Structures are given as C-alpha cells and as structure tokens.
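Take a look at the structure below.
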2 protein chains.
Amino acid sequence: MFEFLEKKLKENIHISREEFEFAKTMFIPKKLRKKRFLLQDGDPCIYTTFVEKGLLRSFRVDDKGNEHILQFGMQGWWVADLYSFLTGEPSEYNIEALEDSELLLITKSSWDQLLNEVPAFERYFRVLIQNNLIATQRRLMGTMTTTAEERYNSLIRDFPDITQRVPQHMIASYIGVTRETLSRLRSQLAAGS
Amino acid sequence: MFEFLEKKLKENIHISREEFEFAKTMFIPKKLRKKRFLLQDGDPCIYTTFVEKGLLRSFRVDDKGNEHILQFGMQGWWVADLYSFLTGEPSEYNIEALEDSELLLITKSSWDQLLNEVPAFERYFRVLIQNNLIATQRRLMGTMTTTAEERYNSLIRDFPDITQRVPQHMIASYIGVTRETLSRLRSQLAAGS
DNA sequence: CGCCGAGTTGAACTGAATCAAGAAACGTGG
DNA sequence: CCACGTTTCTTGATTCAGTTCAACTCGGCG
C-alpha cells in the first residue's frame, strides 16, 4: 500500500527507515471506487491525497454547469484543493475517482506535524510544489499564447495514455474547450495525417 | 536596503539575528532604472529577485511578437523564471523594471546554501511558492471560466493602484486580451456606472 | 516643432461557444 | 446474453466574444 509513496520519496529526499515508518503512521489508506467522490464542493478539503494506484480528477463546476478540470492525479501524484486544505474554508472543487483507486490521505494537522518533525518532508513538499507551480505557469501561458490544437497535442505528448484512460469530454474540459470543439479538432487532425 | 525583506521574513518565519545577518551576505543589492532589463529571453535566469522598492514585470514574447505578462512584481514580491533558475536552461521570459527599482538578487548556489543552512528559509520559500501556486491556479481557472471583464475587475479589486502604475496595454496583456479589447471594455464600464 | 508611444474607435473577420439532433458505445438489470 | 437507458461522441447551423487591421487623437519629450 505504501510502495509508490516510498519510491517517490526516495527519488527526491533522503530519509531514515525510522522517519519513513513514522510517516506511514500519519497516512490513512483508502480505496475509492470509480465515480466515487473524495471531495465535493462546499465541503472543506480536509485531506491531501497521494495516489498509490488509479486515477483522480479535481474539477470545478461553473455557474453555467460546465466542468473545468484543474488536475488529473495519476499514480505518484498528490491531489488536493490547496487553498481549502490550508485555510479550512469550503472548497469550490470536486475530487472524483476516474478509476478504482488506492489512496493515502493525510490531514492538515498530521501534515503539519510531519513537516515539523521531519525537515526532509519540508524540502520534499517545497520541491513538489515548485514543480507544480512551474507546470501551472506553463499551462497558464499556454492558454494565452497557443491554440486549442497545440494544447491538445502537448497534453497527449506529455501523457500518451491519457486518451485511453479518460473520456474525451474531460480532456476537452482540461485544455479549456467544449467537447464539440475537441471533437472537430480531432477529426481535422485525423484527416490531415 | 534590507528593510522590506526583513519585514516580510518576520511576518512568516522566526529567525535569529545571526541567521538574518548571514542571509544578508547572500544577497546582491542592485538598483535598476525604469525600462531596464534584469533578464532577457535566451539568457539563463541566474537570480531570484526580491523587490525592495519599485515594480517589475516578467513576460514572454510569442511568435507573433505579442507580449504576455506572467507576473507583476511589486514591493515585497519575488520575481524569477523559476524553471530557468532551477535548471540553468535559457529563459523564455524577460524581466523589466516598470519603475526605478531597488532589488535584492540571490544566485542559485547562494539560495541552495541558504535553504540548507537555515531551515526556516526552506519553510519560508515553501509557503511562498504554495501561495503563488494557489494564486496561479486561480488565475488559470479564471481564464477558463470568466470573461475578460470579470478578470479585469478582479485585478483592480486585488491591486487598486495598478491602473496608476502600469500602462493599460500591459494590464491587457496580463489579463489575456488585446489593448483594443480592454479599451472597449473600459469605456463600457465607464458608461454603465 | 515633429515624432513616438499610448489610447481610442470603427469595420470586417474568425475561432470557439452554443444550440440542436443523431449515432455509437457502454453497463446494468433482467 | 440480450435489451434498454444513459453517457459519450459526432456533425451541422447559428451566434458571439475577442482579434485584426486601420485610422485618428492625445500628451510628452528630444
């Protein structure tokens, strides 16, 4: 249940066996079946989640009822609504399993304790958040500088298997277009190649 | 020269006088006159910069020659192209002073040393980057869910003095529209109120 | 004085959204 | 294992927000 977390930690930081054993006690293992929710908007996001296995999505629903995906969370990724997690305010996001998933949950107070008692975790999360910030800045500039087609292409370049694992309308709501537009885009791409 | 940095640090973390004195030796003070560049695309971003006084912008120029502003850096903010700073790769961003500015620069190796020797700095930057990530995620979702008008309104709500300090075409390239569109937007707003 | 960057306004154009309808794929219960 | 309803995907017609191109104004500054 902790294999992938251990792998990811060891890739990034150096921690002792005792520290890892201590860390393990801070997490709550949870299995979440496909289509079940880990967080629903209106509720506070009380956990940060590590994906041991499976696939999550975090998304917002706007006033017109359209979904907008902030993040897909695959194996080895962390998923949460950071703002709600840190402040305790109600979240505007939903987190849903797109596949049967095995998760490791950690509460804010356990997380704080972990960062205080094991400085290597402070570093681990700093680097993690740093990389996430870089990726999010890229995606933001992408929405301003590139067309929907280029954004689609770079998504499948970065995550080739995503087309097999998530329905197209969700890919559309990740790159920021309607499903109709993505459908037309794809038929043009298919014709052109 | 270090007043504002000291203030910001003390707001967020607890460090001893010795630690702060040590930190001060790691920074390179620099004055940068309006319209001068701190970073030009193609060069690696070798510094992370704290703005003691003045105003910076970081922006990209796309293939059509249009500018897209990633960030305004006002007093108390940090500015860099994180990716280039961390990897040493050439940057795709420019950083320019919009007002005569007083800056504190720190190189990657000094920064690494600071984080290693003073754990409170590791925490400080983790929190800083975390807040930046939350803000960037908000802005990203904003580009997908809101109109140019709403984005303009929330910008001036968050930074009321920005309209006095930066020309309108730069505000346009921050919210992601052309200057013409912003101009029309504003005349509608003025008429409606 | 003349020039240049900044801002405004108008007209034509365009990429994507919206509205609408149908086809294909999927899974759930009988 | 099939039947039926739901979800997903596609295709077409129309609309719309924002871009592009172009011309003109205004204010500062060498």
Side-chain angles (χ1 to χ4, degrees), chain A residues 33-37 55 57 59-69 72 94 96-100 142-153 155-156 162-192, chain B residues 33-37 55 57 59 61-69 72 94 96-100 141-153 155-156 162-192:
Chain A
R33 298 236 309 285
K34 186 172 175 170
K35 300 208 174 182
R36 298 297 168 94
F37 284 74
L55 182 61
R57 70 198 260 239
F59 65 101
R60 257 178 67 105
V61 182
D62 69 22
D63 13 291
K64 287 179 219 142
N66 295 318
E67 295 178 355
H68 303 273
I69 294 180
F72 292 112
N94 303 275
E96 180 197 11
L98 299 181
E99 299 172 356
D100 293 348
T143 63
M144 301 208 281
T145 57
T146 67
T147 62
E149 182 176 334
E150 291 172 280
R151 294 197 304 271
Y152 177 70
N153 285 330
L155 180 66
I156 56 176
I162 204 154
T163 50
Q164 320 312 320
R165 294 175 73 184
V166 328
Q168 264 161 46
H169 72 270
M170 290 187 191
I171 293 180
S173 71
Y174 179 87
I175 63 177
V177 293
T178 58
R179 60 190 114 65
E180 293 95 328
T181 298
L182 181 58
S183 176
R184 279 183 254 266
L185 222 64
R186 282 169 46 86
S187 65
Q188 281 168 25
L189 286 177
Chain B
R33 298 235 308 285
K34 186 172 176 170
K35 299 209 176 181
R36 298 296 168 93
F37 284 74
L55 182 60
R57 70 197 262 238
F59 65 101
V61 182
D62 70 21
D63 14 289
K64 287 179 220 143
N66 297 318
E67 296 178 355
H68 303 272
I69 294 181
F72 293 112
N94 304 274
E96 182 197 8
L98 298 181
E99 300 172 355
D100 292 348
M141 292 311 270
T143 63
M144 301 207 281
T145 58
T146 67
T147 63
E149 182 177 334
E150 292 173 280
R151 295 198 302 273
Y152 176 71
N153 284 330
L155 179 66
I156 55 176
I162 204 154
T163 51
Q164 320 312 321
R165 295 175 72 185
V166 328
Q168 265 161 44
H169 72 269
M170 290 188 192
I171 294 180
S173 72
Y174 179 87
I175 62 176
V177 294
T178 58
R179 58 188 120 57
E180 293 94 330
T181 298
L182 181 60
S183 176
R184 278 183 257 266
L185 223 63
R186 282 170 45 87
S187 65
Q188 280 168 27
L189 286 177

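Sequence lines set the chain letters: A, B, ... in the order given, protein chains first and strands last, and positions in each chain run from 1. All figures in this text were calculated on a predicted structure; none of them were measured in a lab.
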Give the minimum heavy-atom separation between [X] and [Y], together with the two atoms involved.
{"X": "B:R151", "Y": "B:V177", "value": "NH2-CG1, 4.1 Å"}
{"X": "B:S173", "Y": "B:E67", "value": "CB-O, 3.2 Å"}
{"X": "A:G176", "Y": "B:M144", "value": "CA-SD, 3.7 Å"}
{"X": "B:I69", "Y": "B:M170", "value": "CD1-O, 3.4 Å"}
{"X": "A:V166", "Y": "A:I171", "value": "CG2-CG1, 3.4 Å"}

Around B:R165, counting heavy atoms of other residues, nucleotides and ligands shown, do more than 12 lie under 6.0 Å from its CZ?
yes
B:E150 versus B:T147: any side-chain heavy-atom pair under 4.5 Å?
yes
The first and last nucleotides of DNA chain C lying within contact of chain B, meaning any atom under 4.0 Å from one of its heavy atoms, run from C:dA6 to C:dA11
Could you tell me how far apart B:E149 (CD) and D:dG18 (P) are, to the nearest whole angstrom?
9 Å
Whole-Å distance, A:K64 NZ to D:dC16 P, equals 13 Å
Can you give one letter per nucleotide of nucleotides 4-11 of chain D, 5' to 3': B if a protein heavy atom sits under 4.0 Å from the base, S if only from the sugar-phosphate, - if neither?
----SSBB
Under a 3.5 Å threshold, yes or no: a donor from one side chain and an acceptor from the other, between A:R186 and A:Y152?
yes
